[in-house]
Amino acid sequence: MHEPAQPSTSDQLTRVLYGDNFLQEHGFWRRLLTTEPFRRSGGGTPDERLALSYHRLRILNDTLDSGARLAADPRALAALHEWLGPVDPALTTVAGIHYNLFLGSLLDHDPGTPRDLSDFLELRSIGTFLCTEVAHGNDAAAVETTATYDRERDGFVLHTPHAGAQKFMPNTSPAGGPKTGVVAARLLADGTDHGVFLFLAPLTDDLDALPGVRVRRLPARMGSPVDHCLTSFDRYFVPREALLAGEQGRIGEDGRFTSELANRRRRFLLSIGRVTPGKLSMSACAVGSARVTLAIAVRYAGHRLVSGSRGAQRVPVYAHRTHHGPLAGAMATVFAMSLLHRRALDRWESAPAADRDEAERLVAVAKGWITWRAREVIVECRERCGAQGLLENNGMTELFTGIEGAITAEGDNLAVHAKAAAEMLFSVTVRDEDEEEGPGELDDPRFLGRLLAAVEDIWFDRARERISAAPAGDPLGRWNAASGPALRGVEAYGYRQASEAYAQAAAALPEGPARERLTELHRLFALQWVARNSGDLLAAGRLTAEQVSSLPDAVERLIATVARHAPALVKSFALPERLMSDWPIAGPGYADAYDDPEGSWHRHRRAGAGSRTVDFRRPVCGSKRRPLREKVAALGTRGVLLAYWGTTSVLSRWFEKPQVSVDESVRPRA
């Protein structure tokens, strides 16, 4: 009997990044994006790219066993964003809105209410979410769209009272097909304002908005094209069943409003509970985008040759410390982002009712921390790729603009962190006794953990001192005095949570190379943050002057170690080679994309060829003769599915790995 082969270092680190159920949670999405309908397309107008994204949404929906199961599983939703986000941000946006915010809201509210979801499950109508308004973004609880209960018709009249109450940025145009929205509006019944609730409302048919609904396209935004619109209502009637009811409130058969919650803000927060899985999805999208960008940058740096110190010598640009140093730091950050995302997802899914608020705060802070770190990583990687990184065909510009959307979506980062800062400012954190000890050793992970906790305490203590010193009677003035250091405290909280996730993951690995690699990454991540706060830690007696002086050398040694292993670490991202081939600079033959078949360097030129200008060659995506959209249309949905499953079956047998079925891609919640 042969003992089973031990997993490789890359395989072990892949499980660290994606969790123990890598194949079950991620295998379906990982394979889906390598099939021809989801390969990166070769340009096109914004409207063509938008149409392609909606077409892909339909193909995606047809591959699922149930859209409802996907909507009910936050892990599957996060995995969708993690893998599709770097490939088609527009598809990821409309899919996240349809499955999470729209369909998820319908499933979460009053499941006993009979409601036919077949149109939405089969995409005869695409779902969208209308919450924020021109004048109300992060203060969505103050939206001014009204839903007035009409006793005679037993329904609600949706109305937009002024320009500032127009719904801002939902994807409500007829692009992609008919749309139905979940609309946040102020429920008015018998002359009383009962707070903001959600209402189900058809919005458009194939060609135009329905009577009583007005839709206008907003100016193009940066990034991938999505049909963002302004949407308003002119006394638009919906039946009583349109109210997404629950313990937050309902209209009874007698036309009277009842609620189990007296506080109107709590009613609103319960109504928009799908924003929390949305934050997890934004974190996942940022993690996936940063991971792909870093992989491209590391690969490009390995085969981009530059002049060496001696005349004829050519060396990879990655050989230079000025080049591989920032990428090594980015590697430590990307692992930290991945681990913090998993930590927040696990905590939120398993949190008992008593710990729910703290778990949701971690999700909110993680969303802001991860998306901001993703922007830093993507910008750094783009710069390391020089002018190549500025070209759309190499994908980095799309990922950069896409991360800006994630920073603002599901609650602007600064507002989300400010809310967390206000909550944490008045909470008391009890540390273990050993955390009060003095300086330890910089190579001790436990000591580094205490340093990161100390940074968090330092900033919150400063915030408390400032708010205490501020004049009484001016709540805004007191908050303004404390908000700066309090926000720094929230940032430090994010670093501490990521560091603890690092330590937990390393402890779960067996002794060996995988644990060594993860420990090196953890130390680099922690020491770079400690170095940024070394003055405060020195003043607080947490570090000695000698340790502060030794920090730069310790960081440099770790950078050299991590940089040496970076190409192997990229393999642990488990990015399919077919996916990476869609970005020209990710391969050693990247210059071939710019070859000119009529250039003078070719010996054999076609007879009579002139000196006309020839465009560079885009990466081939499917047939060279027909664009992707035409080929997909010719195949039809059934043909695409047969081609997809046939290809994946052959590949799975080839590599002797079990194929993950559609049923395994979304698992029922416990």
Between the main-chain N or O of [Y] and the side-chain N or O of [X], is there a donor-acceptor pair closer than 3.5 Å?
X    : Y    : result
S289 : C285 : yes
R578 : T34  : yes
R342 : L17  : yes

Grab the two heavy atoms, one from [X] and one from [Y], that are nearest each other, plus how far apart they are.
X    : Y    : answer
A574 : Y18  : CB-CE1, 4.3 Å
K367 : G411 : NZ-O, 2.8 Å
A364 : K279 : CA-CD, 3.8 Å
G395 : R40  : CA-NH2, 3.6 Å
V365 : A420 : CG2-CB, 3.6 Å

**OP:** Would you mind telling me which of V16, T9, T14 makes a side-chain contact (heavy atoms from CB on, under 4.5 Å) with S572?
**Re:** T14

What is the ring orientation for [X] with [Y], classed by angle as parallel under 30°, tilted 30 to 60°, or perpendicular over 60°?
X    : Y    : value
H98  : F102 : parallel
Y318 : H323 : perpendicular
H417 : W372 : perpendicular

Original post:
If you draw the axis of the six-membered ring of W369, does the NZ or CZ of R373 fall within 45° of it and under 6.0 Å from the ring centre?
Top reply: yes

Subject >> Within 45° cone and under 6.0 Å: R356 NZ/CZ vs W348 ring >> reply: yes

**OP:** Decide ring pair (Phe, Tyr, Trp, His ring centres under 6.0 Å) for F38 and W29; before the verdict, give the C-alpha distance in whole Å, the side-chain angles of both, and the deciding distance to 0.1 Å.
**Re:** CA-CA 11 Å; F38 294 89; W29 306 107; 9.1 Å; no

Subject >> Min side-chain heavy-atom separation Q528-I559 under 4.5 Å >> reply: yes

